[in-house]
Protein chains: 2
Amino acid sequence: MKQQGKKKATIYDLSILSGCSASTVSAVLNGTWRKRRIKESTAELIQNLAEQHQYTANLQARGLRNSRSGLVGLLLPVHDNRYFSSMAQTFEAQVRSHGKCPVVVSASRDPREEIATVETLISYSIDELFVAGATDPDSIHTLCEAAGIRHINIDLPGTKAPSVISDNYQGARMLTEAIIQRFDPADPLKPEELFLFGGRNDHASRERIRGFRDIKSALLRMDTDACIQPTGYSPNMTQKAFEAFYEREGKLPRGLFINSSINFEGLLRFMAQHPHETFADIVVGCYDYDPFGSFLAFPVIMIRQDSESMLAKAFELIEESRPAVKIHLIPPELVHPRTALNGPLDSIRDVDA
Amino acid sequence: MKQQGKKKATIYDLSILSGCSASTVSAVLNGTWRKRRIKESTAELIQNLAEQHQYTANLQARGLRNSRSGLVGLLLPVHDNRYFSSMAQTFEAQVRSHGKCPVVVSASRDPREEIATVETLISYSIDELFVAGATDPDSIHTLCEAAGIRHINIDLPGTKAPSVISDNYQGARMLTEAIIQRFDPADPLKPEELFLFGGRNDHASRERIRGFRDIKSALLRMDTDACIQPTGYSPNMTQKAFEAFYEREGKLPRGLFINSSINFEGLLRFMAQHPHETFADIVVGCYDYDPFGSFLAFPVIMIRQDSESMLAKAFELIEESRPAVKIHLIPPELVHPRTALNGPLDSIRDVDA
DNA sequence: ATTATTTGCACCATCGATTGTGCACTCAAG
DNA sequence: CTTGAGTGCACAATCGATGGTGCAAATAAT
C-alpha cells in the first residue's frame with residue numbers, strides 16, 4: 001500500500017493559508033466561533049479553505065485535549081449470533097443519531113479478556129460504555145469508575161452500576177408454558193418429557209431456570225433437577241449433552257427448553273447426525289429469536305429479547321447524572337412458530353437495484 | 001454515574017514519584033528502555049510504581065505523537081446476519097493476535113455513510129482498514145490513500161486497491177447445479193421453474209447471476225431474463241417480489257436461487273403468510289450459510305463463503321509493502337441441506353457451567 | 001476630543017507520550 | 001594526569017486541537 005499521501009491538513013496549515021491564527025481556525029472549524037466573536041467573513045474564508053483542502057480534525061488530538069473522544073463503546077460476548085449482532089446494529093444507529101462514534105468489541109465471555117478490552121477502551125478515552133452480557137460486570141464497573149466513565153450493564157446485571165436486562169424469569173415462564181400447551185391435550189407432555197438444555201451459572205440462566213422450574217411445577221410436576229442440563233454457551237457442549245441423552249434414552253425429550261440460540265446450534269449439530277424421524281414429535285422453545293430458527297420443520301417457539309427497548313432505556317439512564325443502581329427489567333416477546341419479525345435492518349433504506 | 005475518580009496516572013506522576021524524568025518513565029513503560037541504556041534497577045523501580053498506581057498509557061496521546069493508533073478497522077455493510085457477524089468475529093480474533101485493537105463498524109450499504117465512517121476512522125488514525133462489502137470501494141480508496149492508510153477490499157472488489165473476494169461465479173455455478181440436481185430425474189426441474197431472487201447491481205450479484213445463467217443455459221435452457229429478479233438487499237423488497245410472483249402464478253417456482261441470507265429472510269416473511277403446502281416441493285439454494293437456514297423443512301442448499309480464508313489472505317496482503325491491485329478469489333463451499341458447520345465461536349473456550 | 005465599550009483576533013499553555021540530542025559522570029587506557 | 005569510550009539519564013521539541021486571557025483597533029457615549 002502506498003504510504004505517501006500529503007499529510008492531512010491541520011489547523012496550522014489553514015492558519016498559514018488564511019493568515020489567521022490557529023486558534024481562530026480551530027474555533028471556526030469546531031463551531032465555537034460565534035462565541036469567540038470571529039467575523040463572519042473570516043469564518044467563511046476559513047471554512048472554504050478547509051473544504052478545498054479537505055480538512056478533517058485529528059480526533060486523537062482533540063480527544064487528548066478534551067479527555068473525551070466522542071467514542072461510545074459496546075462490549076459484547078460475541079458477534080456471531082442474531083441476538084448480539086442485532087444489538088450491535090441497533091446500538092450503532094442510536095449512537096450515530098447522538099452524533100458520536102460507535103465502537104463495538106467482543107470479549108468472548110472471558111473475564112480476563114473483558115478487563116483487558118475495557119482497559120483498552122478506557123485508554124482511548126471513550127465517553128461511555130455499554131456492557132452487554134459481561135461475565136464480570138462489577139470489575140468492569142471498578143475500572144470505569146476509576147476512570148470516570150459512565151457505563152451501564154445490559155443483558156447481564158451487575159450490583160454496582162445500573163442494569164437493563166431482559167425479564168428472563170417472565171420470559172422463561174411464558175416460554176415453558178407455551179411449550180407445554182403446544183401439545184395435544186389428548187397426548188399431553190409428561191413431566192419426564194420436558195428438559196432444559198444450555199446456559200451456565202449466570203444471572204440470565206438462573207432466572208430462566210427458575211421460571212422453567214416454577215411453570216413446570218405448576219403445570220406438570222417438578223421431580224428432580226435431572227431435567228436441567230446447563231451446558232455452557234457452546235454449541236459443541238450442547239451437542240454432547242444431546243448425544244449423551246439420546247444414548248441413554250434412545251430418543252430426545254418431546255419438550256425442549258433451550259437456553260439460547262447458541263445452544264440451539266448444538267441441537268442442530270445433533271440433528272445432522274440423526275435421522276429426521278428422531279424429531280418428528282418434538283417441540284422446542286428457544287430463549288432467543290432467530291428468523292431461520294423459527295421456520296424449522298418442528299414447532300419452534302422463541303423468545304425475542306427486546307434489545308431495542310433495552311438499549312433505549314440504557315441510553316436514557318446513562319444520560320442521567322446519577323442513575324440509581326438498580327435493575328430494569330424489559331419484557332421480552334413470545335414468538336410463535338413460523339414467524340418472521342422485522343429487525344434493525346428494516347430501517348435501512350436499500351435504494352437502487 | 002459518578003464522575004469523580006482520581007485522574008488516571010500519567011508518566012509525569014510516575015516521574016515525580018520515581019525521581020526520574022518523564023522520558024525515562026516513558027522509555028521504561030513502552031519497552032524501549034534497553035535501547036536507551038536505562039539501568040535495570042531504575043526500570044524495575046518504575047515498573048513497580050506503574051503497577052501500584054495502575055498506570056495505563058493514554059493511547060490518544062501516544063497515537064497523536066506517533067500518528068498511529070494501534071486500531072485496525074473493519075467496515076461492514078451490516079452486523080445483523082451470520083455472514084458479516086462471523087466475519088467480525090474472525091476479524092477480532094485475528095487483529096487481537098497481532099496485538100492491535102479491532103474496531104468494527106457498519107455503514108448500512110450507504111455510500112455517504114461509508115465515506116463519513118471512513119473519514120471518522122481516519123481521523124482516529126487507524127493503522128489499517130479492511131473494507132467489506134462496500135458499495136463504493138474506490139472512493140474509500142481515495143480517502144485512505146490521501147491519508148496513507150493501508151487498506152484492502154473484502155467481499156466486493158474495487159479497482160484501486162487489492163481485493164479479496166469470494167469466487168461468486170464458481171459458487172453460483174455450484175449452487176445452481178446443486179439445485180437442479182436435487183430434483184428427481186423422474187420429474188426434473190423445468191427451465192421455467194428456476195428463478196433467482198435478490199441482490200442488486202453490485203459485483204457479487206452480477207457474478208452470481210452470470211454463474212446462474214451459465215449453468216441454467218447449460219443444464220436446462222435459458223430463455224429470457226424474467227427468471228432473474230434483483231430485489232436489493234432488503235427482506236421486505238424480496239418478500240414483495242415473492243408475493244408478486246405468487247399473485248401472478250399461484251405458486252412459487254420449484255427451484256429458487258436466493259442471492260443472500262438477507263433475501264432469504266424475505267422468503268421467510270412470505271412463508272409466514274402462506275400455508276405450509278405452498279412449499280411442499282421447493283428446493284432453495286441460498287448464497288450464504290446460516291446454520292438454522294440449513295435445517296428448514298424443505299431442502300436448502302447453501303454456500304458458505306470462506307470468510308476466514310478471505311481475512312487470512314487479506315491480512316497477508318496488507319502486510320506487503322506494495323501489494324498488486326488485483327482480485328483474489330477465494331473458493332466458497334457448497335453446504336448440503338441439514339448441515340451444521342463449525343464457526344468462529346467454536347474456538348472460544350467456554351469454561352465453567 | 002476623550003473616555004468607555006465592543007469587536008476581532010493573536011498568544012500561549014495544555015493534554016500525555018515519544019524521541020533526538022547532549023551533558024555529566026565513571027572507568028580504563030596511555 | 002589526560003584522553004577516550006561508554007553509561008545513565010534529563011531536556012525540550014513535537015504531534016494537533018482547545019480555550020483562557022489579553023490587547024489593539026473600531027465604534028459608541030459623553
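In this text the structure is predicted, and so the values were computed from the model without any measurement. Just so we're on the same page: letters track the sequence lines, and every chain starts at 1.
We find that CZ of B/Arg65 is positioned 12 Å from C1' of D/dG16, with the value rounded to whole Å. Atoms NZ (B/Lys35) and P (D/dG8) sit 17 Å apart, rounded to a whole Å. Look at CZ on B/Arg34: it is 18 Å from C1' on D/dG6, rounded to the nearest Å. Atom-to-atom, CH2 of A/Trp33 to P of D/dT18 comes out at 16 Å; the value is rounded to the nearest Å. Rounded to an integer number of Å, the gap from CG of A/Asn30 to C1' of D/dG19 is 10 Å. Atom pair B/Leu29:CG and C/dA17:P shows a separation of 9 Å (rounding to whole Å applied). Rounded to whole Å, the distance from CG on B/Leu14 to C1' on C/dT18 is 16 Å. Rounded to a whole Å, the CG atom of B/Leu64 is 14 Å from the P atom of D/dT14.
Residue B/Asn58 has no polar side-chain atom (N or O) positioned under 4.0 Å from OP1 or OP2 of C/dC15. At the phosphate of C/dT14, neither OP1 nor OP2 sits under 4.0 Å from any side-chain N or O atom of B/Tyr12. The phosphate of D/dG16 has neither OP1 nor OP2 within less than 4.0 Å of any side-chain N or O from A/Thr10. Contact between the side-chain N/O atoms of A/Ser67 and the OP1/OP2 oxygens of C/dC15 is not found at any separation under 4.0 Å. Between B/Ser26 and C/dT18, a side-chain N or O to OP1/OP2 separation shorter than 4.0 Å is present. Taking side-chain N and O atoms only, A/Asn66 has no distance below 4.0 Å to OP1 or OP2 of C/dC15.
If A/Ala22 and B/Lys39 are placed on DNA chain D by their nearest nucleotide, the residue sitting closer to the 5' end is B/Lys39. Nearest-nucleotide assignment on DNA chain D puts the 5′-proximal partner with B/Arg37, out of B/Arg37 and A/Leu59. Comparing A/Ala61 and A/Ile38 by the nucleotide of DNA chain C that holds the closest heavy atom to each, the one mapping nearer the 5' end is A/Ile38.
The aromatic rings of A/His141 and A/His151 sit tilted, their planes meeting at an angle between 30° and 60°.
Looking at B/Arg150 and B/Asp127, no side-chain N of the basic residue comes within less than 4.0 Å of a carboxylate O on the acidic one, giving no salt bridge. Salt-bridge check for B/Arg96 with A/Glu113: passed, with a basic side-chain N closer than 4.0 Å to an acidic carboxylate O.
Judged by distance alone, with hydrogens and angles left aside, A/Thr42 brings no side-chain donor or acceptor close enough to the base of C/dC9 to form a pair under 3.5 Å. Taking 3.5 Å as the limit, the base of C/dT18 and the side chain of B/Arg62 contain no donor-acceptor pair of atoms between them. Checked by distance alone, B/Arg36 brings a side-chain donor or acceptor within 3.5 Å of a matching partner on the base of C/dG20. You'll find a donor-acceptor pair under 3.5 Å spanning the side chain of B/Ser23 and the base of D/dC11, going by distance alone.
Ring-centre distance between A/His98 and A/Phe315: below the 6.0 Å cut-off.
B/Arg62 pairs in a side-chain contact (heavy atoms from CB on, under 4.5 Å) with only one of the listed residues (B/Asn66, B/Asn58, B/Leu64), which is B/Asn66.
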message = The test is side chain to side chain donor-acceptor pair (under 3.5 Å); show your working for A/Asp138 and A/Thr159 and say whether it passes.
response = CA-CA 7 Å; A/Asp138 287 345; A/Thr159 63; 2.6 Å; yes

